[in-house]
Amino acid sequence: MIEEVGLTGAKPSWTPLDTDIKLTTTELDKATGTTNDPILEDIRPYQRLIRRLLYLTLTGPDIFFTVQTLSQFLQKPKRSHMEATLKIVRYIKRKLVMGNLMSSRNKNKLTGYCDADWASCPNIKRSITGFLIKHGESLISWKSKKQTTISRSLAELEYRSMAFTVSEII
């Protein structure tokens with residue numbers, strides 16, 4: 001995959017996506033008057049790359065949220081979407097050297113973490129919740145989800161996120 005997009009000599013990235021980047025649809029750009037991010041002329045390379053990255057999310061929870069976000073732009077991807085996708089590929093390049101490690105220590109402890117991001121999607125203002133569950137030091141389950149209901153406050157959203165995580169643990 002790295003050779004196909006011409007990133008063999010590219011510098012590896014330490015993060016799958018920059019935290020300050022806001023990916024938007026072409027419709028939102030038209031409504032706000034933003035014109036500095038053109039639509040890709042040939043969308044097939046972007047779609048092919050996203051398809052391969054979606055397959056990698058089965059073993060890579062660290063790229064799951066980013067790939068899921070970028071997969072929402074498959075019909076009309078822009079240059080910024082492709083640049084963000086290539087950053088994930090550079091992140092995977094670094095990860096190939098480090099690998100995914102499972103702990104060999106025998107700790108019989110179940111730990112869950114959850115978080116919520118209130119109205120973070122710039123396109124439709126939906127909130128996103130996510131969790132990860134560890135057995136000992138090994139990651140065994142993870143998920144991020146765009147909420148179907150709109151929460152009135154961050155506290156309500158955090159409560160939903162905790163309930164979502166507890167139901168997964170049970």
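Predicted model only: the values in this text are computed from it and were never measured. Values below: every heavy atom of this structure, side chains too, minus hydrogens, waters and symmetry copies.
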Between G112 and I169, the two heavy atoms sitting closest are CA-CD1, 4.3 Å
State the NZ-CZ distance between K145 and R160, to the nearest 0.5 angstrom.
10.0 Å
Compare all side-chain heavy atoms of I133 with those of E168 and state whether any distance is below 4.5 angstrom.
yes
Between F131 and Y113, is the gap from one ring center to the other below 6.0 Å?
no
Exactly one candidate in D29, L40, L23, T25 meets side-chain contact (heavy atoms from CB on, under 4.5 Å) with K78; the answer is D29
Under 4.5 Å between side-chain heavy atoms, counting indirect links through other Ile/Leu/Val/Met/Phe/Trp/Tyr residues: same cluster for V166 and I140 or not?
no
Just how far is it from atom CD of E156 to atom OG of S127, taken to the nearest 0.5 Å?
9.0 Å
Could you pull out the closest heavy-atom pair between Y91 and T15, with the gap in Å?
CD1-C, 3.5 Å
Any side-chain donor paired with an acceptor under 3.5 Å for K87 and T66?
no
State the CZ-CD1 distance between R52 and I50, to the nearest 0.5 angstrom.
12.0 Å
Is any side-chain heavy atom of D115 less than 4.5 Å from a side-chain heavy atom of S161?
no
Spell out, as yes or no, whether a donor-acceptor pair under 3.5 Å connects the side chain of R90 to the backbone of P16.
no
When clusters are formed by joining ILVMFWY residues with side-chain heavy atoms under 4.5 Å apart, either directly or through shared neighbours, do L74 and V89 land in the same one?
yes
How about H135 and N108: does a side-chain donor come under 3.5 Å of a side-chain acceptor?
yes
Separation between CG (L132) and CG (L139), nearest 0.5 Å, reads 5.5 Å
Taking every heavy atom of W142 against every heavy atom of T57, the minimum-distance pair comes out as CZ2-O, 3.8 Å
E27/K76 salt bridge by N-O under 4.0 Å criterion:
yes
When rounded to the nearest 0.5 Å, the distance separating CG of L54 from OG of S71 is 5.5 Å
So do I63 and L17 actually touch side chain to side chain, heavy atoms under 4.5 Å?
no
Trace of the side chain to side chain contact (heavy atoms under 4.5 Å, CB included) decision for F65 with I128
CA-CA 10 Å; F65 176 76; I128 299 169; 3.5 Å; yes
Nearest 0.5 Å please: distance from the CD1 atom of I39 over to the CE atom of M82.
15.0 Å
Decide side chain to side chain contact (heavy atoms under 4.5 Å, CB included) for L86 and L49; before the verdict, give the C-alpha distance in whole Å, the side-chain angles of both, and the deciding distance to 0.1 Å.
CA-CA 9 Å; L86 294 176; L49 190 53; 3.9 Å; yes
What pairs meet the ring-ring contact (aromatic ring centres under 6.0 Å, His included) rule with one or both residues in residues 25-57, with sequence neighbours excluded?
none
Taking all non-hydrogen atoms of both residues into account, name the closest pair between I88 and V67 and its distance.
CD1-CG2, 4.0 Å
